[in-house]
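Position 1 is the first residue of the sequence; numbering continues from there.
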Amino acid sequence: MTEDIKRPEWVPENACKEYTTSVMKGVNDVSNKTNIESKVRRRKLSLEEYIEGVKANDRTVLARAITLIESNSMKHIAQGQDLLKAISGHNNKTVRIGITGVPGAGKSSLIEVIGNFLIDQGFKVAVLAVDPSSSITKGSVLGDKTRMETLARNDNCFIRPSPSGGTLGGVTRKTRDTIQLCEAAGYDVILVETVGVGQNEVTVRSMVDFFLLIKIAGAGDELQGIKKGVIELADAIAVNKADGDNITAANIAREEFKRALHYLTSPTESWTPQVLTCSAVEQTGIREIWDMITEFISTTEKSGVFEYRRDQQRKESIHETIKDHLLQLFYNAPEIKKILPELEDKVVSKEIPVTKAVQILHETYFNK
């Protein structure tokens with residue numbers, strides 16, 4: 001280390017030893033300070049500290065609170081549920097927007113532009129960006145903070161990239177709870193970006209107020225979208241990349257989607273799905289998208305659909321939590337952990353069928 005420290009020209013030669021000692025002391029001081037700060041940051045927080053930190057919009061505590069509720073540890077699950085109970089009902093005047101689309105449609109770029117626009121309007125924005133988990137490594141890139149560089153630096157925005165964990169619909173298992181935490185932290189608009197890889201998007205539809213589908217012209221999926229069923233869930237379609245030489249193609253795609261929607265039943269009572277064009281690059285059509293969303297909120301609030309949908313979301317959350325809790329209890333049971341690997345080997349070797357293995361697991365768990 002000392003050999004790498006060069007004497008600046010302004011330091012007398014006879015003072016070199018003192019200079020080196022000073023530099024080494026500074027390095028050690030910084031290192032010790034970093035270690036101390038790291039320990040303070042990572043020390044176990046009490047429930048009261050979590051509650052106070054979330055409500056005060058301490059983004060470090062909010063991030064740790066989300067990590068807590070995403071944990072599979074039974075101890076963490078219990079504390080996470082206590083936290084959610086404590087912040088329940090805090091800040092209900094929010095808008096939850098689900099955004100999906102095929103890879104390459106420009107979802108992240110568009111979300112960044114929309115987010116910056118909303119912040120300029122005085123809103124606080126949380127982005128829950130779900131990255132697909134590899135079916136092989138179970139890992140995720142979690143690159144949304146790099147894709148939304150300017151938005152990530154804004155103090156009025158909180159971006160949480162989370163792995164999908166293979167959850168159907170491309171939405172992480174704990175997204176519902178994360179939305180509650182962000183709302184309690186004072187964020188007015190929650191943007192939930194789904195994977196958009198052709199999976200069933202009913203999951204995100206069941207946890208947001210407004211569902212926006214991002215499309216692009218010339219992708220050859222104008223009619224395929226109907227077959228996939230995703231278009232049937234959309235409250236609106238935004239044809240992105242309507243800029244440069246692509247404007248004409250985007251306008252043609254918009255008319256094709258309008259005709260397609262004419263033959264489908266609206267997913268939201270009292271609302272007719274709309275199709276707009278926009279450009280994340282040129283930042284056009286953004287105000288129109290937000291004006292449409294505010295019109296949707298106003299319309300559904302007057303008809304009672306908005307609050308009804310929120311009530312249904314709460315009911316569905318009960319059933320999702322039950323399923324999650326039962327699965328956690330089952331797989332964490334010592335007797336199941338003990339025999340499951342052996343049964344898996346027997347199924348693989350065709351010694352017993354899958355149904356027999358499940359029967360043994362079932363009997364073992366319920367007769368414990």
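In this structure, Ile286 and Leu110 have side chains that are in contact, with non-hydrogen atoms separated by less than 4.5 Å. For the pair Arg254/Leu276, no side-chain contact is recorded, criterion being any heavy-atom separation below 4.5 Å from C-beta on. Inter-residue side-chain proximity for Ser279 and Thr284 is flagged as met; some heavy-atom pair is nearer than 4.5 Å. Side-chain atoms of Leu83 and Leu47, non-hydrogen and from C-beta on, do get closer than 4.5 Å to each other. Counting only heavy atoms from C-beta outward, the side chains of Ile97 and Val208 never approach each other to under 4.5 Å. Looking only at side-chain heavy atoms (C-beta outward), Gln313 and Asp209 come within less than 4.5 Å of each other. Thr300 has its side chain out of reach of Phe210: every pair of non-hydrogen atoms, C-beta onward, lies at least 4.5 Å apart. No side-chain heavy atom of Asp177 sits under 4.5 Å from any side-chain heavy atom of Ile66.
Ala217 and Val239 get closest at one heavy-atom pair: N-CG1, 4.1 Å. Across every non-hydrogen atom of Phe306 and Thr94, the tightest pair is CZ-O, 4.0 Å. Taking all atoms of both residues into account, the shortest heavy-atom contact from Leu261 to Pro273 is CD1-CB, 4.1 Å. Of all the heavy atoms in Ser266 and Trp271, the pair that sits closest is OG-O, 2.6 Å. Ala238 approaches Cys278 most closely through the heavy-atom pair CB-SG, 4.1 Å. The two residues Val54 and Ala65 make their nearest non-hydrogen contact at CG2-CB, 3.9 Å.
Atom CG in Leu84 sits 5.5 Å away from atom CD in Gln180 (nearest 0.5 Å). A distance of 5.0 Å separates CG of Asn332 from NZ of Lys337, quoted to the nearest 0.5 Å. For the atom pair CD1 (Ile231) and CD1 (Ile237), the distance works out to 3.5 Å, reported to the nearest 0.5 Å. In this structure, CD on Glu295 lies 5.5 Å from CD on Gln274, to the nearest 0.5 angstrom. To the nearest 0.5 Å, the span separating CD1 on Ile214 from CG on Asn240 amounts to 6.5 Å. Distance check, rounded to the nearest 0.5 Å: CD1 of Ile318 to NZ of Lys323 gives 12.5 Å.
Residues Arg259 and Glu255 are not paired through a salt bridge, judged by the lack of any N-O separation under 4.0 Å between the basic side chain and the carboxylate. Contact check on Arg310 versus Glu301 returns no salt bridge, with no Lys/Arg side-chain nitrogen under 4.0 Å from an Asp/Glu carboxylate oxygen. Looking at Asp82 and Lys85, no side-chain N of the basic residue comes within less than 4.0 Å of a carboxylate O on the acidic one, giving no salt bridge.
With hydrogens and angles ignored, the 3.5 Å screen pairs no side-chain donor or acceptor of Ser71 with any backbone N or O of Thr67. Counting only distance, with no hydrogens or angles, the side chain of Thr294 and the backbone of Trp290 share a donor-acceptor pair below 3.5 Å. Formation of a donor-acceptor pair under 3.5 Å by the Asn246 side chain with backbone atoms of Lys241 is found in this model.
Tested against Glu49 for a side chain to side chain donor-acceptor pair (under 3.5 Å), the candidates Lys44, Arg64, Arg43 yield a single pass: Arg43.
For Thr321 and Arg176, the side-chain atoms include no donor-acceptor pair closer than 3.5 Å. Using modelled atom types and a 3.5 Å distance limit, the side chains of Glu269 and Ser303 yield no donor-acceptor pair. A donor-acceptor pair shorter than 3.5 Å cannot be found between the side chains of Arg160 and Thr175. Defined by atom type and a distance below 3.5 Å, a donor-acceptor pair is present between the side-chain atoms of Gln359 and Glu363.
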Go through the steps to decide whether Glu183 and Ile190 satisfy the test side-chain contact (heavy atoms from CB on, under 4.5 Å), and finish with yes or no.
CA-CA 8 Å; Glu183 289 176 339; Ile190 315 297; 4.1 Å; yes

Could you go through the side-chain contact (heavy atoms from CB on, under 4.5 Å) check for Glu193 and Met148 one step at a time?
CA-CA 12 Å; Glu193 178 192 6; Met148 305 177 192; 3.7 Å; yes

Does the side-chain contact (heavy atoms from CB on, under 4.5 Å) test come out yes or no for Gln283 and Asn116, once each step is laid out?
CA-CA 10 Å; Gln283 300 186 18; Asn116 284 322; over 6 Å; no

Go through the steps for Val95 and Asp188 under the test side-chain contact (heavy atoms from CB on, under 4.5 Å), then give the verdict.
CA-CA 6 Å; Val95 179; Asp188 310 297; over 6 Å; no

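In the hydrophobic cluster analysis, where Ile, Leu, Val, Met, Phe, Trp and Tyr join through side-chain heavy atoms closer than 4.5 angstrom, Val305 is grouped apart from Leu212. Phe366 and Ile336 fall within the same hydrophobic cluster, where Ile, Leu, Val, Met, Phe, Trp and Tyr residues are linked whenever their side-chain heavy atoms come under 4.5 Å apart, directly or through other members. Side-chain heavy atoms closer than 4.5 Å link hydrophobic residues (I, L, V, M, F, W, Y) into clusters, and following such links, possibly through other members, connects Met292 to Phe123. Residues Val347 and Phe330 fall within the same hydrophobic cluster, defined by Ile, Leu, Val, Met, Phe, Trp and Tyr side chains chained together at heavy-atom separations under 4.5 Å. Side-chain heavy atoms closer than 4.5 Å link hydrophobic residues (I, L, V, M, F, W, Y) into clusters, and following such links, even through other members, never connects Val348 to Val354.
With sequence neighbours left out, Arg205 forms a salt bridge (Lys or Arg N to Asp or Glu O under 4.0 Å) with Asp235.
Heavy-atom neighbours of Tyr308 OH from other residues, nucleotides or ligands within 6.0 Å: at or below the threshold of 12.
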